[in-house]
Amino acid sequence: MRSESLQTFLGAAHTAFANQVRDPRGLASIQRIFEALDTAGDISDAPGARRPACKYLAQATDPETFADPSLRKLIEAFRALEPSLTWRPRSGDCTNASPNFAEEHANAMIVGPGGAERRTDVWIGVSLVAPNIRYPDHDHPPEETYLVLSEGDFMQGQGHWITPGIGGTLYNPPGILHAMQSGAAPLFAFWALWAAPHGA
Ligand SMILES: [Fe+2]
């Protein structure tokens with residue numbers, strides 16, 4: 001059984017992603033993802049754990065920052081869920097990342113491998129990046145839709161940077177190279193990946 005805080009978060013995430021995503025490929029992905037989440041996975045009993053970069057969490061998740069009702073609801077649901085999440089550093093290569101990247105970011109898987117709800121078909125999680133830090137270039141087979149809740153720049157493909165802004169979204173097709181970097185404010189963004197075959 002999902003906890004009330006996880007169920008509330010997933011409902012708020014569904015509404016916020018569906019409201020904000022514009023790319024039809026992202027919308028199709030979000031629909032697949034939340035249909036699959038009608039069935040719960042295995043619930044983890046691992047205790048929550050933070051990383052040094054979580055010192056920016058209060059600033060990044062200040063509800064006052066979010067005027068849009070669905071984003072505000074999402075951030076409040078996230079704040080209620082956060083104590084049960086395990087924050088981790090990203091594993092894998094660090095191409096083009098800031099030298100102090102390891103200590104200056106943290107990711108939490110909410111549903112997905114190693115997440116609060118363990119499953120392989122859907123990954124939903126969040127990244128928190130300290131100010132003035134570049135995340136490594138990376139790619140992965142699952143398609144990915146970002147919902148951005150802060151300032152910060154995002155790269156897709158070779159060197160094309162955009163600034164989605166609060167409530168902005170980004171769809172990464174399978175395998176595309178991508179990265180992100182914060183400016184003066186911490187970067188905070190949710191991501192939703194469809195990791196099962198299409199049509200499955
Ligand atoms: Fe990614």
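As the structure lists them, so they are numbered: ligands from 1, and atoms in each ligand from 1.
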Report the name of the N/O/S atom of H178 located nearest to the Fe ion (ligand 1). NE2
Apex the Fe ion (ligand 1); atoms H140 NE2 and H138 NE2; angle rounded to 10 degrees: 110°
Of the options R32, Q31, E144, which is the one that meets W194 in a side-chain contact (heavy atoms from CB on, under 4.5 Å)? R32
Could you check, using the six-membered ring where one of them is a Trp, whether Y135 and F154 have ring centers closer than 6.0 angstrom? no
Give me the ring orientation class for F188 and F190: parallel if the planes are under 30° apart, tilted from 30 to 60°, perpendicular past 60°. perpendicular
Quick check on the Fe ion (ligand 1): does E144 put an N/O/S atom closer than 2.8 Å to it? yes
Flag, side chain of S29 to backbone of R25, donor-acceptor distance under 3.5 Å: no
